[in-house]
Amino acid sequence: MYKLKENDFVCILTGAGISAESGIQTFRDGDGLWENHRVEDVATPEGFIKNPILVWKFYKERYAAALDAEPNPGHKALVDLEAMIPDKFFLITQNVDGLHRRAGSQNLVEMHGRLSACFCIKCAKHFQLTEINLKPALPHCPACGNYLRPDIVWFGEMPYHMDQILATIKKCTVFITIGTSGNVYPAASFMAEARKIGAVTITVNLEEPLNNQETQHFIKGKAGEILPGLVKDMTAELG
Ligand code: APR
């Protein structure tokens, strides 16, 4: 496997697969449903307008499940990698479960939002779920009284941190994709962007992702089993 050099800058993209071993279900498990719900019903702005109570119930359940889960050796291996190259590490996650943050990752962006937060559809003020009254079926903004919505980037909405993500990918020399099916854009295009500027590309996944043609090194298997050894091997020549 590729051995990191002193000047390498590592960019990583993770998806639902890295949290699978923490017991959180991935999105595309064959039935096209997310925890028994159609994606259109619970992960689109139209779904929220149609049935905000159902959407809130769904995300409160996802939040509770995420709080019950623990980071696994895959998340922890990325924390170890960052500790070895603190100024040359950038982690982009599509996951909303907060497990990378809880594991201890620092230079991290959550491009699809966070289960732990929400914002007001009127005044746009953000809150942690711990700061608001979650008892009503439709929680209200403590600042202006209007409806709150989960701080999740739904289909048809612009992912967060895109300027920072694209600028950082432009300077990376190694790009690693972990546990993502390559179905959802723009995340699915990041590896191609990295490849264009000559970065080494590596994928760790249970199966070949849709965009696997951009991968120079494909490692098939579970993130929690592969990443600890991979990080050790890749950092073996660092001082
Ligand atoms: N280790 C590595 N890969 C795994 C593991 C594992 N233990 N378990 C599953 N996988 C792989 C699957 O084979 C699949 O290719 O992880 C991938 C998960 O794919 P998806 O369920 O499509 O999740 P993701 O790519 O993160 O979805 C992207 O789509 O629904 C939206 O916004 C949501 O962020 C999400 C986005």
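Order of appearance sets the numbers: ligands from 1, and atoms from 1 within every ligand. We count residues from 1, following the sequence as given.
Between Y2 and H217, a ring centre-to-centre spacing not shorter than 6.0 Å is recorded.
Nearest to atom 1 (N) of ligand 1 by heavy-atom distance, out of A223, G74, A16, is A223.
Which parts of ligand 1 touch A20 is read off a 4.0 Å heavy-atom cut-off, strictly below it: atoms 8 (N). Residue E21 has at least one heavy-atom neighbour below 4.0 Å for each of these atoms of ligand 1: 1 (N), 6 (C), 7 (N). Distances below 4.0 Å separate heavy atoms of G179 from the following atoms of ligand 1: 3 (N), 16 (O), 17 (C), 18 (C). Proximity to G15 (heavy-atom distance under 4.0 Å) selects the following atoms of ligand 1: 26 (O).
Under a 4.0 Å N-O distance rule, the pair K50/E46 does not qualify as a salt bridge.
When only interatomic distances are considered, the shortest N/O to N/O separation between F27 and ligand 1 falls below 3.5 Å. Checked by distance only, ligand 1 and N183 stay at 3.5 Å or farther apart across all their nitrogen or oxygen atoms. Looking at ligand 1, you'll find an N or O of N205 within less than 3.5 Å of one of its N or O atoms. The shortest N or O to N or O distance between K222 and ligand 1 is not under 3.5 Å. Of the polar atoms of V153, none of the N or O atoms is found under 3.5 Å from an N or O of ligand 1, judged by distance alone.
The proximity of V184 to ligand 1, defined as any non-hydrogen pair under 4.0 Å, is limited to the side chain. By the criterion of a heavy-atom distance under 4.0 Å, both the backbone and the side chain of Q94 are placed next to ligand 1.
A donor and an acceptor atom, one from each side chain of T14 and T93, are located under 3.5 Å apart. Side-chain atoms of T203 and N205 include no donor-acceptor pair closer than 3.5 Å. For the residue pair D97/Y63, the side-chain donor-acceptor check at 3.5 Å is not satisfied.
The closest approach between a heavy atom of G221 and any atom of ligand 1 is below 4.0 Å.
Side-chain contact between E6 and L238 is present, with at least one heavy-atom pair separated by less than 4.5 Å.
At distances below 3.5 Å, at least one donor-acceptor pair connects side-chain atoms of H126 with backbone N or O atoms of A124.
Transitive grouping of hydrophobic side chains (ILVMFWY, heavy atoms separated by less than 4.5 Å) keeps I178 and F190 in distinct clusters.
Ring geometry for Y59 against W154 counts as tilted: the plane angle lies between 30° and 60°, on a 0 to 90° scale.
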